[in-house]
Amino acid sequence: MTAERGLKAWHDVMQGGNSPDALAAIIAEDAVFHSPVVHTQQRGRPIVVAYLSAAGQTLGNDSFEYVRELVDGDNAMLEFTTEMDGIHVNGIDLIRFDGDGKIIDFKVMVRPLKAVNKVWEQMAAMLETMQK
């Protein structure tokens, strides 16, 4: 199962601090990212790394926790919870891996609406900071 190999690499990167270089090593060159707050797909390793780095810095605080994991072939779904400025965030990472175990498609979904708004606010600020 490619997802199992890919998930091990994903968890290692997350536990290692979610650095852009480590992320780039596990993401396919033509990967696609689906944001909960941006309506268009983000294509290519550099933009996927940028979004996942920003997400790691905004969502990946001390309260972040994966609470459920489902694996099927080259797909994985990881449910997470975290808190941002007193707002409970519940979401999923839906990830598809290629034959080498690299991420080729990454979709994030977040609930409730208050959480979506908070993620949008903090992700926008983080991405703006990263572009400077």
Side-chain angles (χ1 to χ4, degrees):
M1 291 185 149
T2 59
E4 289 177 352
R5 183 170 21 133
L7 274 179
K8 179 180 180 335
W10 171 252
H11 287 304
D12 289 347
V13 168
M14 291 290 290
Q15 292 170 356
N18 203 34
S19 80
D21 289 340
L23 281 169
I26 65 167
I27 296 173
E29 188 174 326
D30 57 347
V32 177
F33 181 78
H34 310 266
S35 167
V37 296
V38 176
H39 299 290
T40 58
Q41 297 175 355
Q42 305 302 303
R43 294 185 172 277
R45 182 184 294 136
I47 193 76
V48 173
V49 168
Y51 270 85
L52 289 175
S53 293
Q57 292 179 36
T58 56
L59 293 168
N61 59 43
D62 291 342
S63 67
F64 183 91
E65 177 182 19
Y66 280 122
V67 295
R68 185 172 12 176
E69 187 173 291
L70 303 171
V71 177
D72 182 24
D74 59 355
N75 295 289
M77 189 282 305
L78 298 103
E79 181 181 6
F80 63 86
T81 62
T82 192
E83 191 169 305
M84 299 171 72
D85 293 340
I87 296 173
H88 175 76
V89 179
N90 176 230
I92 66 162
D93 293 335
L94 186 59
I95 308 168
R96 186 163 43 99
F97 299 89
D98 67 12
D100 296 324
K102 290 193 175 191
I103 294 170
I104 56 172
D105 195 85
F106 199 110
K107 183 182 291 184
V108 180
M109 292 186 265
V110 174
R111 62 170 297 279
L113 181 58
K114 274 182 162 180
V116 173
N117 292 335
K118 182 54 70 177
V119 168
W120 176 83
E121 173 189 309
Q122 290 192 9
M123 282 287 293
M126 182 60 62
L127 287 166
E128 187 175 314
T129 300
M130 292 171 73
Q131 291 177 353
K132 291 180 179 180

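Everything numeric here is computed off the predicted structure, so don't read it as measured data.
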Distance-minimising heavy-atom pair for [X] and [Y]:
| X | Y | value |
| --- | --- | --- |
| Ala28 | Asp98 | CB-OD2, 4.0 Å |
| Asn90 | Phe80 | ND2-O, 3.2 Å |
| Val110 | Ala115 | CG1-CB, 3.8 Å |
| Phe97 | Ala76 | CE1-CB, 4.1 Å |

Same apolar cluster: [X] and [Y], side chain cutoff 4.5 Å:
| X | Y | value |
| --- | --- | --- |
| Met14 | Val108 | yes |
| Val32 | Val37 | no |
| Ile87 | Val116 | no |

Exercise for the section: Indicate yes or no: at least one non-hydrogen side-chain atom of Ile27 is less than 4.5 angstrom from one of Phe106. Expected result: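 With C-beta onward as the side chain, the pair stays apart.
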
Handout entry: Which residues share a ring pair (Phe, Tyr, Trp, His ring centres under 6.0 Å) with His11, sequence neighbours left out
Key =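 Per chain and number, His11 pairs via ring pair (Phe, Tyr, Trp, His ring centres under 6.0 Å) with Tyr66.
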
Please tabulate, for side-chain N and O atoms in residues 18-25, each donor-acceptor pair with protein atoms closer than 3.5 Å (sequence neighbours left out).
unit_1 : atom_1 : unit_2 : atom_2 : d
Asn18  : ND2    : Leu52  : O      : 3.3
Ser19  : OG     : Ala22  : N      : 3.1

Handout entry: Positive for side-chain contact (heavy atoms from CB on, under 4.5 Å) with Ile92, one of Lys107, Arg111, Met109
Key =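 The residue from Lys107, Arg111, Met109 that satisfies side-chain contact (heavy atoms from CB on, under 4.5 Å) with Ile92 turns out to be Met109.
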
Measure the spacing between [atom1] of [X] and [atom2] of [Y] and express it to the nearest 0.5 Å.
| X | Y | atom1 | atom2 | result |
| --- | --- | --- | --- | --- |
| Ile95 | Glu69 | CD1 | CD | 8.5 Å |
| Ile104 | Asp30 | CD1 | CG | 7.5 Å |
| Gln41 | Asp105 | CD | CG | 7.5 Å |
| Ile103 | Asp74 | CD1 | CG | 12.5 Å |
| Met77 | Leu94 | CE | CG | 8.0 Å |
| Trp10 | Leu78 | CH2 | CG | 8.5 Å |

Counting only N and O atoms by type, is there a donor-acceptor contact under 3.5 Å from the side chain of [X] to the main-chain atoms of [Y]?
| X | Y | answer |
| --- | --- | --- |
| Asp100 | Lys102 | no |
| Gln42 | Thr40 | yes |
| Arg5 | Gly99 | yes |

Practice task
Check the pair Val89, Lys118 against side-chain contact (heavy atoms from CB on, under 4.5 Å), reporting the backbone distance first and the verdict last.
Solution key: CA-CA 9 Å; Val89 179; Lys118 182 54 70 177; 5.7 Å; no

